[in-house]
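Note: hydrogens, waters and symmetry copies are ignored here, and every other heavy atom, side chains too, is used. We count ligands from 1, going down the list as the structure has it; atoms in each ligand are counted the same way.
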Amino acid sequence: MPTLTSDITNPALASKGLDRIEWAFREMPVLQQILARFEKDQPLKGLRMACCLHVTTETANLARVLKAGGAEVALCASNPLSTQDDVCASLVQDFGILVFARHGADRDQYYRHINGALDIEPHLTMDDGADTVTVVHTERRNLLETIIGGTEETTTGVIRLRQMAAEGALAYPIVAVNDALTKHLFDNRYGTGQSTIDGLLRATNILLAGKTFVVAGYGWCGRGVASRAKGLGAHVVVTEINPVRALEATLDGFQVMTMEEAAPLADFVVTLTGNRDIIDNRHIPLLKNGCIVANSGHFDNEIDIPALRAASTNERLVRGGIMQEFTMQDGRLIYLVGEGRLVNLAAAEGHPAAVMDMSFANQALCSAYMAKEYQTLDKTVYSVPEAIDAEIATLKLASMGIDIDKLTPAQVEYLHSWQHGT
Ligand code: NAI
C-alpha cells in the first residue's frame, strides 16, 4: 500500500477545529464510554477503515473512537457542502486521522476523495449514502479481496444496499445502522427536526410564525421537521405518497394535500423524501412569489434544479451565497437554499452532538460487531443487533441520570403466560 497523504483545505485551522470537536464531545457521553472501552479492548485492532461521512465535529469524535479501538482510519466526505474545514485540519494534526475532504469540493474532487480514502485498502467501509460501497462495487472491485464488511448510516443508503442485496450484487455484509431504534427515532426525527429548522433560520432569518410551511414526506425526518415548524407557529402542510403516513399526518393535526395544491400556498417547501423530482416542472410554475425551497433529504435531486434554472431568466447568489435567487419568466422570485443539498448541513452544522452520540455509538459498536462476526454473516444487509440498541439506550439514559422501572418476578411470569384472564 502506498503512503497516503491527507487532502484538506487549510491545516492552520486545526486549533479552531479542536475546540469545536471537544465541545461536541461533552455532549456525547455514550461515545465517551465506548472510547474508554475501545482503548482497553481494542476491538478494531489491525483493521483499516474507509469512512465516508459528513465531516463534522461529531464525526471527528467517532473517528477518534475508531482509532482508539485500534483501527487505522481514512475519512472522506459524504457531501461536499457539509465538510467543516477546521475539523478536517484538527483530525489530521491532532488525531492523526487521514482526511480527504474540502468544503465545496466539485464532483471530480468529491470522487477523488472517496478514492483517496479507499486507497487505504480497507477491511471495513462506513458509509452515509452508500457512495463508498458503490465505488468499490463498480470501479474498484479488487478491494473486495480485503473488505470483510461495512456499516451504513442513512435511509437512502440502506435502500440502495437492500436493492443491491436483492439483486445478488452486494459482495460483503453490511449493518444498516439507520434501522437501529436508537438511530432513526432520534437522529432522523429530533436531529433533522431541529437542525433543518436551524439551517433555514440561519439562511433566511425569516419569522416562521404565521407562514405556510410545506413538508414533503412524513417519514422519520419529515415528522421531526413538521413538529418543530408547528412549534414555531408555522401553518404546516404535509405532502405524501403513502396513505398510512398521510393519514398519520392528518391525525397529528397537519393539513395534507398534493404538492400541486400546496405549491401556490407555500412560503417554505422542505423536501425529506429520499426520492427525486419532488419539486419539478409540475410545481415550479405554481410556486408563489418569494417562496423559499430547501431539501433535507440525502441527495440533491429532490428539487429539480436544472428545471428551476431553465424556467428562470436570471440567477444570483444572495445572503452571503447560501441562497440562489431565481427570477422566473413572469417575474416571480424563487429562492433555493444551499444548492438543494441537505439544508441542515449546508446552512447549519448538522445534527446536535447529543443525537449523533447515539447514531455514532451504533456505528462504533456495529463496526466492532462486524470485526468479530463477519465470518458468520452472509453478503446481505443486517439490522443492528437488538442488544446493541438496548445497550445504547441504557447508556444514554444513565448519562441523563434517568432510572426506569424493572419488571417484578410476577410481571415477568404474567408477560410469559397466556392462562391469565380478567
Ligand atoms: P422515510 O422512509 O421514513 O420517509 C420518507 C417519506 O417520504 C416516506 O413516508 C415516503 O412515503 C415519502 N415519499 C416518498 N416519495 C414521495 C413523494 N414523491 N412525495 C411525497 N412524499 C414522498 O425516510 P427518512 O428516514 O425520513 O429519510 C428521508 C430522507 O432524509 C432520506 O434521504 C434520508 O437519507 C435523509 N436523511 C437526512 C438527514 C439529514 O440530516 N438531513 C438525517 C437522516 C436521514
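Set against the non-hydrogen atoms of Trp220, the atoms of ligand 1 under 4.0 Å away are 3 (O), 25 (O), 26 (O). The atoms of ligand 1 that sit less than 4.0 Å from any heavy atom of Gly274 are 29 (C), 31 (C), 32 (O). Taking a cut-off of under 4.0 Å to the non-hydrogen atoms of Glu240, the atoms of ligand 1 that pass are 6 (C), 7 (O), 8 (C), 9 (O), 10 (C), 11 (O), 12 (C), 20 (C), 21 (N). Using a 4.0 Å cut-off to heavy atoms of Ile278, the atoms of ligand 1 that qualify are 17 (C), 18 (N). The atoms of ligand 1 that sit less than 4.0 Å from any heavy atom of Asn242 are 11 (O).
Contact of the Ile292 side chain with the Asp267 side chain is not registered, since no non-hydrogen atoms from C-beta on lie closer than 4.5 Å.
Taking only nitrogen or oxygen atoms, main chain and side chain alike, Thr156 reaches within less than 3.5 Å of ligand 1. At least one N/O-N/O distance between Thr154 and ligand 1 falls below 3.5 Å. For ligand 1, the polar-atom distance check against Leu345 finds no nitrogen or oxygen pair separated by under 3.5 Å.
Of the heavy atoms in His351, only side-chain atoms (C-beta onward) come closer than 4.0 Å to ligand 1. The side chain of Asn275, and not its backbone, has at least one atom closer than 4.0 Å to an atom of ligand 1 (non-hydrogen atoms only; side chain from C-beta on). Of the heavy atoms in Thr192, only side-chain atoms (C-beta onward) come closer than 4.0 Å to ligand 1.
Applying the ring pair (Phe, Tyr, Trp, His ring centres under 6.0 Å) criterion to Tyr218, with sequence neighbours excluded, gives Phe254. With sequence neighbours left out, the ring pair (Phe, Tyr, Trp, His ring centres under 6.0 Å) criterion links His184 to Trp220.
Checked by atom type, the side-chain pair Gln84/Arg20 shows a donor-acceptor distance below 3.5 Å.
In this structure, Arg64 is positioned above the aromatic face of Phe25, its NZ or CZ under 6.0 Å from the six-membered ring centre and within 45° of the axis.
Atom NZ of Lys288 sits in a crowded spot, with more than 12 heavy atoms from other residues, nucleotides or ligands closer than 6.0 Å. Counting non-hydrogen atoms of neighbouring residues, nucleotides and ligands closer than 6.0 angstrom, the CG atom of Leu415 exceeds 12 such neighbours.
Ligand 1 lies out of reach of His54, whose nearest heavy atom is not under 4.0 Å from it.
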TODO: Would you please test Arg316 and Glu325 for salt bridge (Lys or Arg N to Asp or Glu O under 4.0 Å) and show each step?
DONE: CA-CA 5 Å; Arg316 66 178 186 125; Glu325 178 191 76; 2.7 Å; yes
